[in-house]
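The next block holds one structure in the form of structure tokens; read it before the comments.
For reference, positions follow the sequence shown, starting with 1. As a basis for the values below, the full set of heavy atoms in this structure was taken, side chains included, without hydrogen atoms, waters or symmetry mates.
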Amino acid sequence: MSSSPVSQRVAPPVRAPHVGLVILALAVGGFAIGTTEFASMSMLPLFAEGLGIDAPTAGHAISAYALGVVVGAPVITVIGARLPRRRLLLLLMAMFTVFNGLTGLSPTYHWMLLFRFLAGLPHGAYFGVAALVASSLVPPNRRTRAVGQMFLGLTVATIAGVPLASWLGQAVGWRWSFALVAVLGLMTMSAVFAFAPNPPADSKASPLRELGALKRPQVWFTLGIGAIGFGGMFAVYTYLADILLRVTHMPLGTVPWIMGVFGVGLTLGNMIVPVFADRALMRTAGALLIWALVMLAVFPFAASNVWTLGTMVFLIGISGALATVLQTRLMDVAGDAQALAAALNHSAFNTANALGPFLGGLAIAHGYGWTSPAWVGSGLAVCGLLLWSVSVAMDRRDADTTAVEPC
């Protein structure tokens, strides 16, 4: 259960003088992406006022970025299939840097909408390629840890990058927050150019081969686990501020602190969980889904007290390590079309980011209370477990079939 047959044919590690510096360079890109993605939500009132629009209309800029992620991940990965990975990373981060910089210069709402969509295009492809680069630097039994270390940039952004960008937006204007992100993008490009190895592109790589990943049922099952099973975390995160104000009856100033607690859980999860995933990948994925199911089910009972709520938010954040685990799973089941499968992981999680809050909002609108998104999240975790069970059963069937085949 710990791995699929594909995972046994991993190439030897790519030689790099400073593996830690390569992963750090990739993580800086994750920090930049996480900062712009999450800080934009906290700055909605600022650029709504600056562009003369109301808050709901300004919220479309968030949706435009997410749409860019969903569209860009598969399209850019397929188009860039023949490029060496370091060059592709540099191009992706150049796109990210330019379009975030242009976001800060947006003269009108419609220009901002366009630039946010374009800034989202490289997001999923960057993380997909960066995960492949990080995992290629280490032995097979350390792949998930390497991917988790790369993802630390994204998780640390929820603790440090988002508050910094939000403070900068309030102190000197929201446009400077996007300038900060552009500077982080330039730093990433410099670090990747300086430290990332530059092996030649796979001579057999092609857009058609990458599209071959879509023919593999296990790729779809893995994406489904992420798109559905991960939705509960986003359901709670989206309505956390309202829960704090309306259920816990805490002042607005506590919201950033509780969001930070979530980020700490997310970060520690990505540091600790990959150690277990490298030993038993699918068992760890199943355990995380069960963890999320239980924590989300308990959350409504803890929401009335800020200390118990904070504890549950931290524990729910740990389940975010599922993204790292499924990233490695996609490397196992995608065969020779790993780049597209790895990038699609982020399309799946952005689907979860849309599905969880949407269903949670329906529960609130139908009068089930502000904590009802957590119950919805438990249900989504159950659905994710069902997909996980089918995927594991298919692994066992394939292993049995291979075992009885004549030599």
Could you give the distance from OG (S177) to CG (L168), rounded to the nearest 0.5 Å? 4.5 Å
Working to the nearest 0.5 Å, report the span between CZ of F96 and NE2 of H123. 9.0 Å
Minimal non-hydrogen separation, S106 against R175, with atom names: O-NH1, 2.8 Å
In short, side-chain hydrogen bond (donor to acceptor under 3.5 Å, both in side chains) pairs touching residues 356-368 with sequence neighbours left out are none
Minimum heavy-atom distance T35-A165, with the two atoms named: CG2-CB, 3.9 Å
May I ask you to check whether H346 and Y126 place their ring centres under 6.0 Å from each other? no
Can Q218 and D395 be said to form a side chain to side chain donor-acceptor pair (under 3.5 Å), step by step? CA-CA 9 Å; Q218 287 285 31; D395 272 351; 3.0 Å; yes
Name each donor-acceptor pair under 3.5 Å that joins a side chain in residues 286-293 to protein atoms two or more places apart or in another chain, with its distance.
from : atom 1 : to   : atom 2 : distance (Å)
W291 : NE1    : L315 : O      : 2.8

Measure the shortest side-chain to side-chain distance between P373 and I364 over non-hydrogen atoms and say whether it is less than 4.5 angstrom. yes
Could you check L118 against M95 for side-chain contact (heavy atoms from CB on, under 4.5 Å), going step by step and ending with a plain yes or no? CA-CA 8 Å; L118 295 174; M95 290 175 59; over 6 Å; no
M112 side, atom CE; F117 side, atom CZ - distance, nearest 0.5 Å: 15.5 Å
Check whether any side-chain heavy atom of S347 lies under 4.5 Å from a side-chain heavy atom of P74, and answer yes or no. yes
Give, for atom CG of L121 and atom OH of Y65, the distance between the pair rounded to the nearest 0.5 Å. 9.5 Å
Which heavy atom in R145 sits nearest to a heavy atom in D278, and how many Å separate them? NE-OD2, 2.9 Å
Less than 4.5 Å apart, any side-chain heavy atom of W174 and any of E49? no
Donor-acceptor pairs under 3.5 angstrom involving side-chain atoms of residues 248-266: please list them, not counting sequence neighbours.
from : atom 1 : to   : atom 2 : distance (Å)
T248 : OG1    : I243 : O      : 3.4
T248 : OG1    : A303 : O      : 2.6
T254 : OG1    : P251 : O      : 2.7

Check whether T324 reaches the backbone of G148 with its side chain - one donor and one acceptor, N or O, closer than 3.5 Å. no
Is the backbone N or O of R279 less than 3.5 Å from a side-chain atom of R283, with the two atoms forming a donor-acceptor pair by type? no
Determine whether I316 and Y237 make a side-chain contact, defined as any pair of heavy atoms from C-beta on separated by less than 4.5 Å. no
Any donor-acceptor N/O pair, R396 side chain to A393 backbone, under 3.5 Å: no
Non-hydrogen side-chain atoms of L137 and P197 separated by less than 4.5 Å: yes
Under a 4.5 Å cut-off applied to non-hydrogen side-chain atoms, are M295 and S319 in contact? no
State the CD1-CZ distance between I159 and F31, to the nearest 0.5 angstrom. 9.5 Å
List the steps and the verdict of side-chain contact (heavy atoms from CB on, under 4.5 Å) for I76 and V71. CA-CA 9 Å; I76 294 178; V71 172; over 6 Å; no
Closest heavy-atom contact between A235 and G356? CB-O, 3.5 Å
Applying side-chain contact (heavy atoms from CB on, under 4.5 Å), run through V333 and F221 and close with a yes or a no. CA-CA 10 Å; V333 299; F221 276 112; over 6 Å; no
Could you list the residues that satisfy salt bridge (Lys or Arg N to Asp or Glu O under 4.0 Å) with R246, not counting sequence neighbours? D242
Nearest heavy-atom approach of V273 to A321 is CB-CB, 3.7 Å
Got a donor-acceptor contact below 3.5 angstrom from the R86 side chain to the N198 backbone? no
Measuring only between side-chain heavy atoms, which start at C-beta, is L268 closer than 4.5 Å to F314? yes
What distance separates N350 CG from F230 CZ, expressed to the nearest 0.5 Å? 11.0 Å
Within a 6.0 Å radius of atom CH2 on W370, are there more than 12 heavy atoms belonging to other residues, nucleotides or ligands? yes
Quick check: does any side chain N or O of W388 sit under 3.5 Å from a backbone N or O of M282, one acting as donor and the other as acceptor? yes
Can you confirm whether the side chains of T36 and N100 place a donor and an acceptor under 3.5 Å from each other? yes
In sequence, state the C-alpha distance, the side-chain angles, and the governing distance for T155 and N270, and then conclude on side chain to side chain donor-acceptor pair (under 3.5 Å). CA-CA 8 Å; T155 62; N270 269 287; 4.9 Å; no
Could you pull out all residues at least two apart from R116 that satisfy salt bridge (Lys or Arg N to Asp or Glu O under 4.0 Å)? none
Between R329 and S391, does any side-chain donor sit less than 3.5 Å from a side-chain acceptor? yes
Quick one: ring pair (Phe, Tyr, Trp, His ring centres under 6.0 Å) partners of W111, sequence neighbours excluded? F115
Is T144 reaching over with its side chain to a backbone N or O of T328, donor-acceptor style, under 3.5 angstrom? no
What do you reckon, is CZ of R142 surrounded by more than 12 foreign heavy atoms closer than 6.0 Å? no
Taking atom CE as the centre, does M271 end up with more than 12 heavy-atom neighbours from other residues, nucleotides or ligands that are less than 6.0 angstrom away? no
If you draw a 6.0 Å radius around CZ in F276, do more than 12 non-hydrogen atoms from other residues or ligands fall strictly inside? no
Side-chain heavy-atom pair M150, F127 within 4.5 angstrom cut-off: yes
Which heavy atom of P357 sits nearest a heavy atom of A352, and at what distance? CD-O, 3.8 Å
